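Take a look at the structure below.
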Amino acid sequence: MKPFEKLLFDNKEWAAKQVAADPDYFKRLVEIQSPEVLWIGCSDSRVPADKITDTNPGEIFVHRNVANLVVHTDLNLLSVLQFAVEVLNVKHIIVCGHYGCGGVKAAMTNHSLGLIDKWLWNIKNVHRLHRHEIDHLESEEQKLNKLIEISVKEQVMNLAKTSIVQKAWKHEKSPDLHGWVYALEDGIIRTIFDLPAGSHIDPIYEYDNL
Ligand code: CO
């Protein structure tokens, strides 16, 4: 069986197992989607959002990209964010990175990987702004993991800079923003940074007419 055929085979097995355990399982899910959490994670195959949080279909709304970045010109991310906040009314947005992230690692080198260089510029920018917190660390692994933590914090701040989040903070008093980092070594998520709804951000980014 080829890998893609195995996916289809396992899908049928999984669907049958769900119905065997709970005959109304799919019927319930078809009727409504009301997740309270938007998850922004890395595309890395080792960090599937629902698996590592043991959540069921219907519980979290997910966006994933290389190195879990919040980029203000990314129409895909902005659309997910706007829909999650204004239509689904999610109460929490989690940016979850992971230690050993290949995207962040690539951004720390001077090696071109093609088109993705442009995407990784965003991480190089974070590195440039926080060089003083990173350069003094001893090993390459420590430097990488520090940048991963700092980047997650920066991505959370990027969310707060959007008019979408600021408008929701003003009118809905939500969502709360969270920055987490998952460790591949032990499967545990570390909490890095919280930005509750209504938090103050650098005034240059605050909109006064939302
Ligand atoms: Co990654």
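Ligands are counted one by one from 1 in listed order, and the atoms in each one are counted from 1 as well. Basis for what follows: all heavy atoms, side chains included, without hydrogens, waters or symmetry-related copies. The shown structure was predicted, so the numbers you read here are calculated from the model rather than taken from an experiment.
Ring centers of W14 and F26: under 6.0 Å apart, within the cut-off.
A salt bridge is absent between D44 and R64: the closest approach of a Lys/Arg side-chain nitrogen to an acidic carboxylate oxygen does not fall below 4.0 angstrom. Using a cutoff of 4.0 Å between basic side-chain nitrogens and carboxylate oxygens, D10 and K6 are scored as salt-bridged.
Looking at Q82 and E86, their side chains do bring a donor and an acceptor atom within 3.5 Å of each other. With hydrogens and angles left out, the side-chain atoms of S151 and Q155 include a donor and acceptor closer than 3.5 Å. In summary, the side chains of Y99 and E141 do not present any donor paired with an acceptor at a separation below 3.5 Å, with no hydrogens or angles considered.
Inspection of the environment of the Co ion (ligand 1) yields the following protein N, O or S atoms under 2.8 Å: C42 SG, H98 NE2, C101 SG.
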